[in-house]
Amino acid sequence: MTQDELKALVARAALEHVVPGQLVGVGTGSTVNHFIAALAEIRDRIAGAVSSSVASTARLQALGIRVFDAAEVQRLPVYVDGADEIDGQGCMIKGGGAALTREKIVADLAERFVCIADESKRVAQLGRFPLPVEVIAMAAPQVARRFAALGAQATLRPGVLTDNGHPLLDVRGLAISDPLALETEINQWPGVVTVGIFARHRASVCLLGTAQGVQTLVF
Ligand code: 5RP
């Protein structure tokens, strides 16, 4: 199976985690795009969706799925999203698609985070994928210097502003041996909007697409 076929496989498997009659939180990215397409087949059986990006909102609405503003919602039973990397504890790097801030906001509303990913995303330790960090523009050089002090290299993602109008740093060369501690530390730095480590909001379950089919990892 191709990587895209694996993404489609796990996206469809995620339908089993959608709670009938309820809202579902929807992430962003190519794997989630397959999930949105599958979700459209059961749109009459859900109350609607809370979206994590302008792009996902447009796709959901184009397929006739009602989208609710996160600010109107107190709780979601489930949030479905992809990842750039996921480790053995369900901690993730996210933000390859620049949607990390809204993804974390919607994930925070959810009781369960269902990660959908092809097996290339499964890692023993986070950090090979460059860590996305959304920052307030005036803080970008200082935040980059803080990463340099940790032995890492932060570069602005060229030509990209997030849906919130902020630039993104991509950070290479970080050793992420303790994802929760590093997420907590980076969150303290002035000007950091969101760091793409999802340890506090780690996956409850990962549906991993493999050549043998969907593997379910419970954390
Ligand atoms: C977007 C994300 C995505 O979930 C992540 O980049 C994975 O994307 P894809 O499903 O296209 O591989 O965090 O900000």
Side-chain angles (χ1 to χ4, degrees), residues 1-15 17 24-39 49-60 70 78-87 90-110 112-123 126-135 156-172 176 179 183 186 192-210 214 217:
M1 266 190 275
T2 65
Q3 188 181 29
D4 196 55
E5 286 167 343
L6 293 177
K7 289 180 180 193
L9 189 69
V10 293
R12 181 159 293 280
L15 289 183
H17 294 261
V24 56
V26 176
T28 300
S30 58
T31 316
V32 165
N33 288 346
H34 286 294
F35 174 66
I36 293 171
L39 194 63
V50 175
S51 167
S52 63
S53 63
V54 171
S56 287
T57 297
R59 278 182 180 263
L60 287 159
V78 66
Y79 174 66
V80 179
D81 199 356
D84 299 303
E85 287 185 346
I86 181 163
D87 73 10
C91 298
M92 295 166 284
I93 286 183
K94 291 184 46 55
L100 64 167
T101 296
R102 296 188 187 196
E103 290 172 343
K104 214 175 257 192
I105 290 168
V106 183
D108 190 54
L109 295 172
R112 301 179 72 235
F113 189 134
V114 176
C115 176
I116 50 176
D118 67 88
E119 60 189 342
S120 70
K121 309 294 183 65
R122 178 78 169 81
V123 297
L126 301 179
R128 198 179 53 223
F129 189 91
L131 176 67
V133 183
E134 182 169 347
V135 293
L156 279 173
R157 196 179 295 183
V160 172
L161 290 180
T162 68
D163 286 350
N164 314 306
H166 301 129
L168 272 175
L169 293 169
D170 288 311
V171 186
R172 294 172 174 77
I176 310 182
E183 180 184 19
I186 296 169
V192 168
V193 178
T194 303
V195 55
I197 299 174
F198 281 57
R200 192 174 167 80
H201 296 86
R202 68 182 185 276
S204 322
V205 59
C206 178
L207 306 176
L208 197 69
T210 75
V214 179
L217 311 173

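In what follows, every heavy atom counts, from backbone to side chain, and hydrogens, waters and symmetry copies are set aside. Just so you know, ligand 1 is whichever comes first in the structure, and atom 1 is the first atom listed for that ligand.
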Item to complete: State, to 0.1 Å, how close R102 and V54 come at their nearest heavy-atom pair, and which atoms those are.
Response: NH1-CG2, 4.3 Å
Discussion item. Check E183 with R202, please: is the shortest side-chain N to carboxylate O separation under 4.0 Å?
Written reply: no
Discussion item. Checking a contact table here: which protein heavy atom is nearest atom 4 (O) of ligand 1, and how many Å away?
Written reply: K94 NZ, 3.0 Å
Worksheet item: Out of G95, G97, P132, who gets a non-hydrogen atom closest to atom 13 (O) of ligand 1?
Response: G95
Discussion item. Tell me the protein heavy atom at minimum distance from atom 9 (P) of ligand 1, and give that distance in Å.
Written reply: S30 OG, 3.3 Å
Item to complete: Could you pull out the closest heavy-atom pair between P167 and L156, with the gap in Å?
Response: CB-CD2, 3.8 Å
Discussion item. So if I count the atoms of ligand 1 from 1 in the order they appear, which ones are less than 4.0 Å from some heavy atom of A99?
Written reply: 14 (O)
Worksheet item: To which protein heavy atom is atom 10 (O) of ligand 1 closest, and what is the distance rounded to 0.1 Å?
Response: T31 OG1, 2.6 Å
Worksheet entry | Which residue and heavy atom of the protein sit nearest atom 12 (O) of ligand 1, plus the separation | K121 NZ, 2.7 Å
Fill in: Residue portion contacting ligand 1 (non-hydrogen atoms closer than 4.0 Å) for A98
backbone
Item to complete: Write out the residue and atom name of the closest protein heavy atom to atom 1 (C) of ligand 1, then the distance separating them to 0.1 Å.
Response: E103 OE2, 3.1 Å
Worksheet item: Taking C-beta and beyond as the side chain, do E134 and N164 meet within less than 4.5 Å on heavy atoms?
Response: yes
Item to complete: Taking atom types as modelled, find out whether T57 and S51 have a side-chain donor-acceptor pair closer than 3.5 angstrom.
Response: yes
Item to complete: Please write down residue, atom name and distance for the protein heavy atom closest to atom 3 (C) of ligand 1.
Response: T28 O, 3.2 Å
Practice prompt. Report, in ascending order of atom number, the atoms of ligand 1 lying under 4.0 Å from any heavy atom of G82.
Written response: 4 (O)
Worksheet item: Going by the atom numbers of ligand 1, which of them fall below 4.0 Å from some non-hydrogen atom of D81?
Response: 4 (O)
Worksheet, complete the sentence: A student checking ligand 1 against G29 at a 4.0 Å heavy-atom cut-off should list atoms 11 (O)
Worksheet item: Any idea which heavy atoms bring G209 and L6 closest together, and the distance?
Response: O-CD1, 3.6 Å
Practice prompt. State whether a side-chain donor-acceptor pair under 3.5 Å links T2 with D4.
Written response: no
Worksheet item: What are the two closest non-hydrogen atoms of H34 and A11, and how far apart are they?
Response: CB-CB, 3.5 Å
Worksheet item: Just going by heavy-atom distances, which of T162, I93, T101, D84 is nearest to atom 5 (C) of ligand 1?
Response: D84
Practice prompt. Using non-hydrogen atoms of the residue, decide whether G27 is closer than 4.0 angstrom to ligand 1.
Written response: no
Worksheet item: What is the minimum heavy-atom distance between F35 and V24, and which atoms define it?
Response: CZ-CG2, 4.3 Å
